[in-house]
S.K.: 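The structure follows.
Chain letters run A, B, ... following the sequence lines, proteins first, then strands; residues in each count from 1.
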Amino acid sequence: MDNILLDFCFNLRNEGVRISVLETIDAITAIKHIGYGDRESFKYALSAALIKSEEDALIFEKQFESFFNIKLFDMDYNHGIFDVAKTPEKKWSDLTESIINKDDSQFLELFNKAIDISGLDEMRYRTQQGMYVQKIMDQIGIKNLEEDITYLSKMKIPGAESMVSALEKKKKDLLDFIDAYVKSQYELREGRRNKDTLENRLQYTRFAELKEHEMEEMKTIINRFVKKIYARYSKRKINYKKGFLDVKKTIRKNSSTDGMLFDIQWRFKKINRPNIYVICDISNSVRYASHFMLLFLYSLNKTLLKIRSFVMCSDLVEVSHVFKEYDAEEALDRIYSGEDLDILLGYTDYGESFKDFKEICGNAINKKSTIIILGDARNNDTNPHIEILKEIKDKCKTLIWLNPEKRLLWGTSDSEMDRYLPYCDIAQECNTIDQLNKTLNDIFKKT
Amino acid sequence: MIEKEKMLSIEELQESFGQLDYICSKKIATTLFLAYKLNKPILVEGPAGVGKTELAKTCAKYLGFPLIRLQCYEGLDESKSLYEWKYGKQLLYTQILKDNLNKIIDGKDSLADAMVKMHKHDDLFFSLNFLEPRPLLKALQTEKGAVLLIDEIDKSDEEFEAFLLEVLSDFQVSVPEIGTIKAKKIPFVVLTSNNARDLSDALKRRCLHLYISFPDAQMERNIVRAKVPGISEELNKQLVSFIQQIRNLDIKKLPSVSETIDWAQVLMLLCEDKLDHEVIKNTLNVILKYEEDIRKAEEKLVEMTMIAKQVD
């Protein structure tokens, strides 16, 4: 049975469920206690040992149904039919015996051994499937079963005939079962290989080159990154709690005990929540990148309290409330269509947008604020208002510019990037998930 | 009384729990059975009021062990959960012994000699006699075994969670002054969580996981029948159907199982034997706790009452 369970764990891991070795061992031990006679408790036992979150539970449900759908558990047919066969004169083969005795565990043991010896793990190519089916059938003793059937059909005892047909039927079931098992294993392995490479590739693919069907995959990756960032951030918060001895408070508190220090008071550092302003260019020239930036922004909005988001095109508008009210898809739709937002979706104008930004929150920005600008700085030859950016920069703690364009292109044609550059504390090329992730990690380290 | 062997099979467990008025699904029973056999803690998650804490209590009753409860909250630390030195007692003893100090030192003249003499006694003040065991230590020290309920673990800090790992995987704790204290008998541990925050993978790995969701109608009827004896079958059916419908609405706080039971009791007190529009309207505040929710439910009241009445 262990092999089958291991294969199953492998499937789950492949689907993105994190299963440790310890949990696999738990599952195997659990099944030793429960047995596999009862499908329901079998399932619950596996789920208790392997699945630790609600999202994973959904995956488990699906995987379990498809993996164990094969008629593993209904060996139970026509009671009593095999009673005649339990005669001592003939020693049945192991396989036949497991069927006659309706002994699931014996059957699974045989099957397990067969998989082990046939080396199913090493299957690489589609064309090998037939060979492995044959190998497993040889191992499990299909020949002996056939011999037993022939022997039985020659026997002149009542009920032998129905037994033969029942065994024949079981033989057919068995063939189907092995066939399906090998096939599913092949597909899983193949699927996993593809997925591995796809996920890795996506992290380093430029946003501009992403294909439609890869978008979905991208979303899960983004979500995972944001979760990581959040986990790090919440940990930092707790470290901040530790403080120094507060002498004043301690003396005051302990005056009732005549100055004996019973209750020591600590001075706590104030928790420094990052105070972040993000401005995202949503014009057509950076459309491909802004989509992901906004997704990121959306997730950050959900996890951090003090983040204010702005989008800009010909002018600038705050969208924090849109993120708060709607779910990701709808929020993005609303932003791109400019619905209910006071925004001009014409030529990009960074100068005007910075002016607007200064107007909206010029007073709120202080030495604790971090400002992140996402955009290509292509200003359509209008006034870039560099002095305003300088003014903002002087007020805030850090100003970060993430540009989806390659560094080589900065400052070419209508790009004002090289003129803005002196006023950015950090300016980085950012056009893959990997870069975005690294940059954001840096930001969180600094704030 | 003859001690019956516990946890023989899943069916036996389900039945015994039923006798203790805890109706548990096969899923719950299987997980409990495994946790007992594998000596592993169970992490129970699910919405508020589905009987997570009750599960631990029933376990204690069933196994005949004492229930030791540790309620988690922000700022919970070792001294409140594991052990604390009895400072007062230590202080008191030193005061009493002060007069006898001379006898102990026994007229030694030099400081060094006195110290050597003293060293023979100092550990006395940091022995088990001066240790105040808190829930975790208490659970490890019981002779026969215990059910340890660590309630709402998600409310505690991450540091505390990390600290729990030693206790949960090896069932031992380290007290620097004394050494490692091992469990005399491994307690049956139940952790509950309301999902206020994500628990660490390390903790989840050490536990069996059980997610309890709201029961289906059949199950909920059984629960009501067990908890509110004497309720008429008709009322039971109608009220459960109504509750199940309410859970499908988009409201702030879904009514929990305990609220279903409360409501059943209220209706019993009012001597109602079936639901009707007026009764529901007057008692809606038993199951819904927000003004907004009540308003939303009232909009659909007629429709839902109709459906509830048609259940057979």
Side-chain angles (χ1 to χ4, degrees), chain A residues 17-58 60-61 64 224 226-228 230-242 257 260-263 266 268 303, chain B residues 7-11 13-14 24-47 74-75 77 87-88 91 154 156-162 165 168-169 191 193-213:
Chain A
V17 183
R18 273 187 64 169
I19 298 176
S20 67
V21 180
L22 184 77
E23 284 162 315
T24 317
I25 296 172
D26 278 349
I28 292 172
T29 333
I31 296 308
K32 274 193 187 127
H33 284 289
I34 293 280
Y36 9 86
D38 181 358
R39 189 162 194 258
E40 224 180 332
S41 13
F42 177 74
K43 180 173 162 184
Y44 294 145
L46 284 184
S47 135
L50 297 173
I51 301 303
K52 310 279 155 106
S53 78
E54 265 181 276
E55 300 104 70
D56 290 353
L58 294 176
F60 174 81
E61 188 70 25
F64 184 87
R224 207 176 311 146
V226 171
K227 239 186 192 172
K228 257 190 218 159
Y230 179 63
R232 277 188 50 176
Y233 171 67
S234 57
K235 229 176 233 161
R236 276 162 33 86
K237 208 167 61 182
I238 286 163
N239 289 342
Y240 267 111
K241 275 187 195 163
K242 289 181 190 131
T257 50
M260 293 289 274
L261 303 184
F262 271 103
D263 195 356
W266 302 98
F268 293 110
T303 43
Chain B
M7 301 271 185
L8 283 173
S9 70
I10 296 170
E11 287 74 23
L13 195 135
Q14 231 173 334
C24 65
S25 66
K26 193 152 187 186
K27 186 173 178 184
I28 298 176
T30 308
T31 316
L32 284 176
F33 178 74
L34 280 177
Y36 187 79
K37 291 285 177 199
L38 302 181
N39 273 334
K40 284 228 151 201
I42 308 184
L43 172 64
V44 191
E45 287 188 298
E74 217 177 301
D77 59 8
Y87 297 118
L91 216 64
D154 51 333
S156 69
D157 304 321
E158 278 178 35
E159 288 99 330
F160 180 72
E161 212 183 297
L165 295 180
L168 293 185
S169 57
L191 299 105
S193 153
N194 275 332
N195 250 333
R197 68 175 171 85
D198 264 355
L199 300 173
S200 73
D201 282 345
L203 182 76
K204 285 183 172 180
R205 213 163 36 231
R206 282 166 176 81
C207 304
L208 294 179
H209 188 266
L210 173 65
Y211 184 84
I212 307 182
S213 50

S.K.: Considering residues at least two apart in sequence or located in another chain, which fulfil the side-chain hydrogen bond (donor to acceptor under 3.5 Å, both in side chains) criterion with A/Lys32?
M.R.: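 With neighbours one apart ignored, the set is empty.
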
S.K.: Only counting residues at least two apart or in another chain, list the ones meeting side-chain hydrogen bond (donor to acceptor under 3.5 Å, both in side chains) with B/Glu11.
M.R.: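 Per chain and number, B/Glu11 pairs via side-chain hydrogen bond (donor to acceptor under 3.5 Å, both in side chains) with no residue.
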
S.K.: Less than 4.5 Å to any heavy atom of chain B: does that hold for the side chain of A/Leu22, its backbone, both, or neither?
M.R.: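 The side chain, not the backbone.
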
S.K.: Considering only heavy atoms, give the residues of residues 199-209 of chain B separated from chain A by less than 4.5 Å, sorted numerically, with 'none' for an empty result.
M.R.: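 Counting heavy atoms that sit under 4.5 Å from chain A, the residues of residues 199-209 of chain B involved are B/Asp201, B/Lys204, B/Arg205, B/Cys207, B/Leu208, B/His209.
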
S.K.: Below 4.5 Å from any heavy atom of chain A, which atoms of B/Phe33 appear? Answer side chain, backbone, both or neither.
M.R.: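 The side chain, not the backbone.
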
S.K.: Report which part of B/Leu34 has an atom under 4.5 Å of a heavy atom belonging to chain A: side chain, backbone, both, or neither.
M.R.: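 Looking at B/Leu34, just its side chain touches chain A.
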
S.K.: Show your reasoning for whether side-chain contact (heavy atoms from CB on, under 4.5 Å) applies to A/His33 and B/Leu38.
M.R.: CA-CA 9 Å; A/His33 284 289; B/Leu38 302 181; 3.6 Å; yes

S.K.: Holding to side-chain hydrogen bond (donor to acceptor under 3.5 Å, both in side chains), I want the full list of residues that pass it with A/Ser41, two or more places apart in sequence or in another chain.
M.R.: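 side-chain hydrogen bond (donor to acceptor under 3.5 Å, both in side chains) list for A/Ser41, sorted by chain: A/Asp38.
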
S.K.: Drop me the distance from A/Phe42's CZ to B/Thr30's OG1, to the nearest 0.5 angstrom.
M.R.: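 Nearest 0.5 Å value for the CZ-OG1 distance: 12.0 Å.
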
S.K.: Hey, what do you get for NZ (B/Lys26) to CD (A/Glu40), rounding to the nearest 0.5 Å?
M.R.: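 Atom-to-atom, B/Lys26:NZ and A/Glu40:CD are 4.5 Å apart.
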
S.K.: Hey, could you give me the OG1/NZ distance between A/Thr29 and B/Lys37, rounded to the nearest 0.5 Å?
M.R.: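 Separation between the atoms: 13.5 Å.
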
